[in-house]
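To keep things clear, I will list the structure first and then write my remarks on it.
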Amino acid sequence: MRIIKFLLIKEFKQIFRNRAILAVIMVMPVIQLIVLPLAANYEIKNINLAVVDNDRSDYSRDLINQVVASGYFKLRSYNDSYKQAFTQIEDDNADLILEIPGGFEQDLIRENKQQLFIGVNAINGTKAGLGAGYISDIIRNYNNGLRKKLNVPDSFNAIPVIEITSSNWYNQHLNYRLFMVPGILAILVTIVGGFLSSLNIVKEKEVGTIEQINVSPVKKYHFILGKLIPFWILGNVVFTLGLLVGWIFYGIIPLGNILVLYTFIAVYLLAILGFGLLISTICDTQQQAMLIMFFFVMIFVLMGGLFTPIDSMPDWAKIVSKFNPISYFIDVMRMVIIKGSGFKDIRNHILIIIGFAVVLNTAAILNYRKTS
Amino acid sequence: MRQFLTFVKKEFLHVLRDKKTLFILFGMPIVQILIFGFALTNEVKNSKIVVVDYAKDIASQKIITKIEASRYFEITKSLAGSKELEAAFRTGEIKMAIVFPEGFNNQLLHQNKALVQVIADASDPNNATTLTNYVSSIINDYQAELNQTNAMPYQIRPEVKMLYNPQLKGAPNFVPGVMALILMLVCVMMTAISIVKEKEMGTMEILLVSPFKPIMVIISKAVPYLLLSMVNVITILLLSVFVLDLPIAGSILLLFAESTLFIITCLTLGIFISVKTDSMQTAMLISLLGMLLPTLLFSGFLFPIENMPMPLQWFSNIVPSKWYYLIVKGIMIKGLGFSYVWKETLILFAITIFLLIISLKSFKIRLS
């Protein structure tokens, strides 16, 4: 116990000595947590619209007005031909072309039927899908309004109608930030903890100070624990700062018990630090350690369900994400903060992360050799 | 010149000696392309939902079968009451619940109006919106089938065409993004580290007292990473053409020229970081923590830039990967020529020159 105490004093001295790193650890996550949720906004608004109105009738004008009034679209240009509108898409000045055929009004009245052409820049599939959905919706509304105006007889109302009432639980106003902030905080805590721990032992190797530890009576698990505890505390500090940022800047107060969150983060940090230390014992230089950590963090982040839903992944990817600690962390953050889940709901998550922590730390201790 | 080549050779030996690093540098683009190409999709499918069917009549059963048949939904179980429902939402087992009230079919036939309640877990707002839309359109379909005999008058039908990417695949969006991301990180990080390393190890002193010009020392450090990154560009393009079936629509030569320009931009950014920092750890943390998420977010391939608040939109203009992303998207996916991307090219060029000048200004040839 006394040995660990001395090791801890040494580690903390080293951490506080390097002010630059300390600043990076504390300030960067806070800044990123303030800024990134503003950027990570998937509410699709401001879709740039290029209109080709070959009819120039009252009807076509009404339709265009209705599209613009919806708030989703920004009318960027009137074009004389589809070709001209298409160059707008090539230049990225437009995302969507709405082409109204000549004789739109006349034919609609005469033939009871009319077609509109919509071209969407679909390089970004999500944006295209939502954009096409919105405009189809608006056209449907316009269509219904038109029928009413043209006084379609009441027999129309005799048709059975299924009314759909939808409610959005946990996030009534569909606030995207409520969704992103917990996820981004999870990733920042992981990055800070993972990188610090993975760089640490390897730095002693590179600088050569590890020799001194190796010839001392310090035991393997003393050494690993001495490395683990300081970063565990730092990780908790960063996490707390993150929660405060979420509260101050985004007004996000965890709906669930905050103790549940801290219990989980306590276990999670052990797991991710163990992972970092394991990498640290494998590598010879800081550069290697960082790249390998980066390699894994990249995969973890991309497949962790922050940006794209895990449910939509193919089966092999779902299995891979079962071995991804970040995906559990993001899940728990969202469950507890947004939905107010309790210990009972996240029991499995905690058990799995305990498993990770035990395996990774044992591996790190076994893999650390005092003799080369 | 011979001196320079000797230095470049030395740097190459350094790079090639470290097998673990090399493995990661070459492996990363491959893994990322595969993840982006095959695992990640913004499409919502296989969402787990429950149906609470109080009606248990023909109409509700028919709609349930329709929902079951669509690939968007996976009905996990039927629940009895609303208590259980809340619990299921809280554990995250289900994303949506559909409730049919008692006497659904009766109401539909006799009162011409029936109600379906759709409850979505909106902790993920987009998912909730999309799922609600899917359910609505399935129910609307059923309704249209019911009303087949009475066609609606004055029908306006929008015909939608998805340009460039008719199947709404993720790859056309992701591949240019991954290229920007990989090049940015590999070049910036590796150059920054390799220069700071010499500082930290004390070998910088030796280089500075040699008859070789200090600036050439720096340049010779960047050359191996330039070549390495070119290899990465080629790997990514080969993978995207042959594995992801995403052909290069525009000129390959132009694409390579632009990539070279972007790589040089990144290398100068790396040099800039290395000039400003003294320890490897700081250099690493800055180039990683400082670059990873901003590059992901501000290049615009995950989240649309035009949605961001104004200050962030301005900020995105100084992120080099944004411009490179636009260029690659233009050339590779849309098949545009240089006349369409000259503006972006010019901006990248300007950023490079700017970084180069301030790095040179603050580069100290004497150790403190």
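Just so it is clear: chains get the letters A, B, ... in the order the sequence lines come, proteins before strands, and each one is counted from 1.
- Atom CZ of residue B:F315 and atom CG of residue A:L38 lie 12.5 Å apart, to the nearest 0.5 angstrom.
- With a threshold of 4.5 angstrom between heavy atoms, A:K344 does not approach chain B through any atom at all.
- Residue contact with chain B, scored on non-hydrogen atoms closer than 4.5 Å, is absent for A:L178.
- Heavy-atom distances place the side chain of A:I338, and not its backbone, under 4.5 Å from chain B.
- Annotation: side chain of A:V202 is not in contact with side chain of A:S198 (no heavy-atom distance under 4.5 Å).
- Counting heavy-atom pairs under 4.5 Å between each of A:K318, A:R347, A:H349, A:M298 and chain B puts A:M298 at the top.
- Residue contact with chain B, scored on non-hydrogen atoms closer than 4.5 Å, is absent for A:I135.
- Contact of B:I119 with chain A is made through backbone and side chain together, with heavy-atom distances under 4.5 Å.
- Ranked by heavy-atom pairs under 4.5 Å with chain A, the first of B:I333, B:V341, B:L336 is B:L336.
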### Message
Please determine whether side-chain contact (heavy atoms from CB on, under 4.5 Å) holds for the pair B:T132 and B:M96, giving the CA-CA distance in whole Å, both sets of side-chain angles, and the decisive distance to 0.1 Å.
### Response
CA-CA 9 Å; B:T132 311; B:M96 174 177 261; 3.7 Å; yes

### Query
Do A:L108 and A:L146 pass the side-chain contact (heavy atoms from CB on, under 4.5 Å) test, and can you show the C-alpha distance, the side-chain angles, and the key distance before you say yes or no?
CA-CA 11 Å; A:L108 186 65; A:L146 199 67; 3.2 Å; yes

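- Scanning both residues, B:Q32 and B:V178, for their nearest heavy atoms gives OE1-CG1, 3.7 Å.
- For B:M190, the part lying under 4.5 angstrom from a heavy atom of chain A is the side chain only.
- Of the atoms belonging to B:K343, not a single heavy atom falls under 4.5 Å from chain A.
- Counting only heavy atoms from C-beta outward, the side chains of B:F73 and B:L131 approach each other to under 4.5 Å.
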### Task
Evaluate the criterion ring pair (Phe, Tyr, Trp, His ring centres under 6.0 Å) for residue pair A:F104 and A:Y59; output intermediate values, then yes/no.
CA-CA 8 Å; A:F104 172 71; A:Y59 280 21; 7.0 Å; no

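- Only the side chain of A:T285 comes within less than 4.5 Å of a heavy atom of chain B; its backbone N, CA, C and O stay farther away.
- B:I98 does not touch chain A: none of its heavy atoms, backbone or side chain, sits under 4.5 Å away.
- B:F38 touches chain A through backbone and side chain together, each having a heavy atom under 4.5 Å away.
- Per-residue heavy-atom pair counts under 4.5 Å with chain B were compared for A:N121, A:I184, A:I118, and the maximum is reached by A:I118.
- For A:V320, no part lies near chain B; criterion is any non-hydrogen pair under 4.5 Å.
- Side-chain contact between A:Q286 and B:I193 is absent, with no heavy-atom pair separated by less than 4.5 Å.
- With a 4.5 Å cut-off on side-chain heavy atoms, A:L291 and B:M189 count as touching.
- Contacts of A:M313 with chain B are made by both backbone and side-chain atoms, with heavy-atom separations under 4.5 Å.
- Of the atoms belonging to A:D315, not a single heavy atom falls under 4.5 Å from chain B.
- Neither the backbone nor the side chain of A:E99 has a heavy atom closer than 4.5 Å to any heavy atom of chain B.
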### Message
Using side-chain contact (heavy atoms from CB on, under 4.5 Å), reason through A:I187 and A:F300 one step at a time and then give a plain yes or no.
### Response
CA-CA 9 Å; A:I187 285 185; A:F300 287 167; over 6 Å; no

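- At a 4.5 Å heavy-atom cutoff, the contact between A:K203 and chain B is made by side-chain atoms alone.
- Between chain B and the options A:G342, A:S341, A:A317, heavy-atom pairs under 4.5 Å are most frequent for A:S341.
- The shortest distance between side-chain heavy atoms of A:E206 and A:Q287 does not fall below 4.5 Å.
- Contact check for B:F298 versus B:L312: side-chain heavy atoms found under the 4.5 Å cut-off.
- Chain B forms more heavy-atom pairs under 4.5 Å with one residue of A:R334, A:M303, A:K74 than with any other, namely A:M303.
- Heavy-atom distances place no part of B:Q107 under 4.5 Å from chain A, backbone and side chain included.
- With a 4.5 Å cut-off on non-hydrogen atoms, A:L96 does not touch chain B at all.
- In terms of the ring-ring contact (aromatic ring centres under 6.0 Å, His included) criterion, residue partners of B:F100 (sequence neighbours excluded) are, by chain and number, B:F104.
- Interface remark: B:F23 contributes no atoms to any contact with chain A (heavy atom separation under 4.5 Å).
- The environment of A:F296 atom CZ is sparse: at most 12 non-hydrogen atoms of other residues, nucleotides or ligands sit within 6.0 angstrom.
- Heavy atoms of B:Q313 lying under 4.5 Å from chain A are absent altogether.
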